[in-house]
Amino acid sequence: MAAADAPAGCKVVLASTVAKSLSSEVQEGLNQVGKAPLLVGFLANHDPAARMYADWTGKTCRESGFEFDLRQVDKEELEDQILAANQDDKVDGIIVYYPIFGNRQDQYLQQIVDINKDVEGLSHRYVFNMYQNIRFLDEAKLQKSILPCTPLAIVKILEYLHVYNPVLPYGNRLFGHNITVVNRSEVVGRPLAALLANDGANVYSVDIANIQNFTRGSGIKKKRHEVHDKDGWKLEDCVPLSDVVISGVPGDKFKFPTQLLRDGAVCINFSSEKNFGPEVKEKASIYVPAIGKVTICVLQRNLLRLIQNRRGPSVPSGTATEKPGTLEALTES
Ligand SMILES: NC(=O)C1=CN([C@@H]2O[C@H](COP(=O)(O)OP(=O)(O)OC[C@H]3O[C@@H](n4cnc5c(N)ncnc54)[C@H](O)[C@@H]3O)[C@@H](O)[C@H]2O)C=CC1
Ligand SMILES: Nc1nc(=O)c2c([nH]1)NC[C@@H]1CN(c3ccc(C(=O)N[C@@H](CCC(=O)O)C(=O)O)cc3)C=[N+]21
């Protein structure tokens, strides 16, 4: 499209741009750690999206000073393989690509990864901390808890876009924003809605069946979010209220109804498919078409955090302790 025909108002922000701003922080962490951390990936399914993501993670890791060992294993052998990697001192982090069995056995496998090697933050303790808005692992608030990579990548993008308002205190920086999240899976959509609401946003969480409101209440008086069903609500009810819309519907059938968007909304797609058609640029102020590169940066950041947590706190006096238990305290280096 010639520049003169381009929609005037919309800025397309690519994940690579946001990833660049995070990678200097990752490189700094890497220098402190003083070795190439080893991430082991277990692929036990034939999902092309998982394979693509795994190959891409390997390429990015090798380019940026990390080692990545992708192990293709039979699903019946995976349990023993994970336990062996838990025991292996050379292994710093473990990522298991899901779905494998596609049922509760997958939850079982998530819980057998050593919590000190769980780069995706899927262990019960990390998940509990996230939903309860508990940001540190220790009383002294020196060891940060681990957040799931894709939801945290979206938080990092919203910080980059200045949707997080630094004039407000840590932990309240999304106060005043209405955000629609289309996807409520346990791996991305539900944790994302909780994180955004814990930071002060009023979140509409949409799945195939219904819409829920995640909120800290009027004046964000509550310490952590609560959830209310919005009976009978549809996208038509929440999208026009939302200044940020985040969509992650799998498959190529779903197309987000862009005519419902508020003028100047910020739109982010995290699905492998393009949930927003090209016409999104006629309405949005900012459009982020994909986020994968940021997710991988956050994965590397989590791996460094695990190594730092394992080595024990060596936080310079007066940094982590000064900050209240906030997501920023958790997400800042
Ligand atoms: N970019 C990244 O870093 C990542 C991207 N993904 C991608 O995100 C997408 C979603 O992955 P998962 O959450 O694991 O999928 P999932 O299948 O577990 O969940 C899909 C969610 O979308 C909802 N949904 C489906 N159709 C809908 C509709 N028509 N209207 C409203 N809601 C609808 C479902 O109710 C469910 O909450 C996939 O394309 C996946 O490849 C997943 C993980 C990381
Ligand atoms: N334990 C676990 N964690 C995962 O995070 C996980 C998983 N298992 N199993 C498989 C799915 C799939 N997945 C994707 C990551 C990035 C893109 C993605 O969107 N990548 C490109 C788009 C690529 C393209 O345009 O084709 C991007 O964001 O720029 C898609 C899918 C993570 N997964």
Side-chain angles (χ1 to χ4, degrees), residues 15-16 19 22-23 26-27 29-30 33-103 105-123 126 146-153 156 185-188 248 250 270-273 290-310:
S16 52
L22 286 173
S23 65
V26 168
Q27 286 305 314
L30 203 51
V33 161
K35 65 160 185 175
L38 173 60
L39 177 62
V40 169
F42 286 111
L43 200 54
N45 63 23
H46 297 281
D47 174 10
R51 160 64 72 176
M52 188 208 79
Y53 179 50
D55 288 342
W56 202 25
T57 301
K59 185 170 174 283
T60 312
C61 280
R62 283 177 213 111
E63 283 166 3
S64 51
F66 291 76
E67 281 183 44
F68 182 70
D69 184 5
L70 185 62
R71 302 178 182 173
Q72 174 93 50
V73 301
D74 194 280
K75 60 179 183 235
E76 302 303 337
E77 281 167 17
L78 183 59
E79 183 174 2
D80 287 345
Q81 293 274 349
I82 294 172
L83 295 177
N86 282 347
Q87 294 295 320
D88 184 348
D89 288 340
K90 291 192 288 302
V91 177
D92 295 300
I94 298 171
I95 177 167
V96 180
Y97 295 97
Y98 295 102
I100 294 155
F101 294 97
N103 56 31
Q105 217 170 331
D106 285 2
Q107 271 105 295
Y108 168 72
L109 292 169
Q110 281 169 9
Q111 302 312 318
I112 66 169
V113 172
D114 187 327
I115 188 163
N116 297 304
K117 299 189 178 185
D118 176 12
V119 278
E120 289 209 292
L122 299 173
S123 299
Y126 295 139
I146 299 291
L147 291 173
C149 300
T150 305
L152 180 53
K156 286 286 156 195
S185 69
E186 285 303 307
V187 283
V188 192
F270 70 83
S271 172
S272 309
E273 310 291 334
I291 70 152
K293 285 203 165 76
V294 184
T295 307
I296 294 174
C297 254
V298 168
L299 187 73
Q300 295 177 330
R301 212 166 163 275
N302 277 358
L303 179 56
L304 292 169
R305 181 139 303 157
L306 287 173
I307 297 172
Q308 286 156 356
N309 283 352
R310 259 200 319 267

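Heavy-atom basis, side chains included; hydrogens, waters and symmetry copies ignored.
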*Can you tell me how far the CD1 atom of Ile94 sits from the CG atom of Asp69, to the nearest 0.5 Å?*
11.5 Å
_4.5 Å side-chain heavy-atom contact, Phe101 and Leu78_ = no
*How far does NZ of Lys293 sit from CG of Leu22, to the nearest 0.5 angstrom?*
13.5 Å
*To the nearest 0.5 angstrom, please state how far the CD1 atom of Ile291 sits from the CZ atom of Phe270.*
7.0 Å
*Ile112/Leu109 under side chain to side chain contact (heavy atoms under 4.5 Å, CB included): CA gap, chis, key distance, verdict*: CA-CA 5 Å; Ile112 66 169; Leu109 292 169; 4.0 Å; yes
*Roughly how far, to the nearest 0.5 Å, is CD1 of Ile296 from NZ of Lys59?*
9.5 Å
*Might you work through the side chain to side chain contact (heavy atoms under 4.5 Å, CB included) test for Gln110 and Val96, ending with a clear yes or no?*
CA-CA 8 Å; Gln110 281 169 9; Val96 180; over 6 Å; no
*Is Gln300 close to Thr60 at the side-chain level, that is, under 4.5 Å between some pair of heavy atoms?*
yes
*Mind checking the OG1-CD spacing from Thr150 to Glu120? Nearest 0.5 Å is all I need.*
7.0 Å
*Do the side chain of Ser23 and the main chain of Val26 share a donor and acceptor less than 3.5 angstrom apart?*
no
*Provide the closest heavy-atom pair for Phe68 versus Cys61 in the form atom of the first, atom of the second, distance.*
CB-CB, 4.0 Å
*Search all heavy atoms of Val119 against all heavy atoms of Cys149 and return the closest pair with its distance.*
O-SG, 3.7 Å
*Provide the closest heavy-atom pair for Ser64 versus Gln27 in the form atom of the first, atom of the second, distance.*
O-NE2, 3.1 Å
*NZ/NE/NH1/NH2 to OD/OE distance under 4.0 Å, Asp55 and Arg51*: yes
_Donor-acceptor under 3.5 Å (Asp92 side chain, Leu303 main chain)_ = no
_Using a 3.5 Å distance criterion without hydrogens, assess whether the side chain of Tyr126 forms a donor-acceptor pair with backbone atoms of Ile115._
yes
*side-chain hydrogen bond (donor to acceptor under 3.5 Å, both in side chains) partners for Asn116, two or more places apart*: Asp114
_Checking Leu70 against Tyr97 for the side chain to side chain contact (heavy atoms under 4.5 Å, CB included) test, could you report, in this order, the C-alpha distance in whole Å, the side-chain angles of both residues, the deciding distance, and whether it holds?_
CA-CA 10 Å; Leu70 185 62; Tyr97 295 97; 4.0 Å; yes
*Could you please spell out the steps behind the side chain to side chain contact (heavy atoms under 4.5 Å, CB included) verdict for Asp118 and Leu122?*
CA-CA 7 Å; Asp118 176 12; Leu122 299 173; 4.2 Å; yes
*For residues Lys117 and Arg310, report the shortest heavy-atom separation together with the two atoms involved.*
CG-NH1, 4.0 Å
_Shortest non-hydrogen contact from Cys297 toward Ala19_ = SG-O, 3.6 Å
With a cut-off of 3.5 Å and sequence neighbours excluded, list every side-chain donor-acceptor pair involving residues 38-46.
| residue | atom | partner | partner atom | Å |
| --- | --- | --- | --- | --- |
| Asn45 | OD1 | Asp47 | N | 3.2 |
| Asn45 | ND2 | Pro99 | O | 2.7 |

*Look at atom CD of Glu63 and say whether more than 12 heavy atoms of other residues, nucleotides or ligands are closer to it than 6.0 Å.*
yes
_Quick check: closest heavy atoms across Pro37 and Gly65, and the distance to 0.1 Å?_
CD-O, 3.8 Å
*asked:* Heavy-atom count check: over 12 atoms from other residues, nucleotides or ligands less than 6.0 Å from Lys35 NZ?
replied: yes
*Roughly how far, to the nearest 0.5 Å, is CG of Asp106 from NZ of Lys75?*
9.5 Å
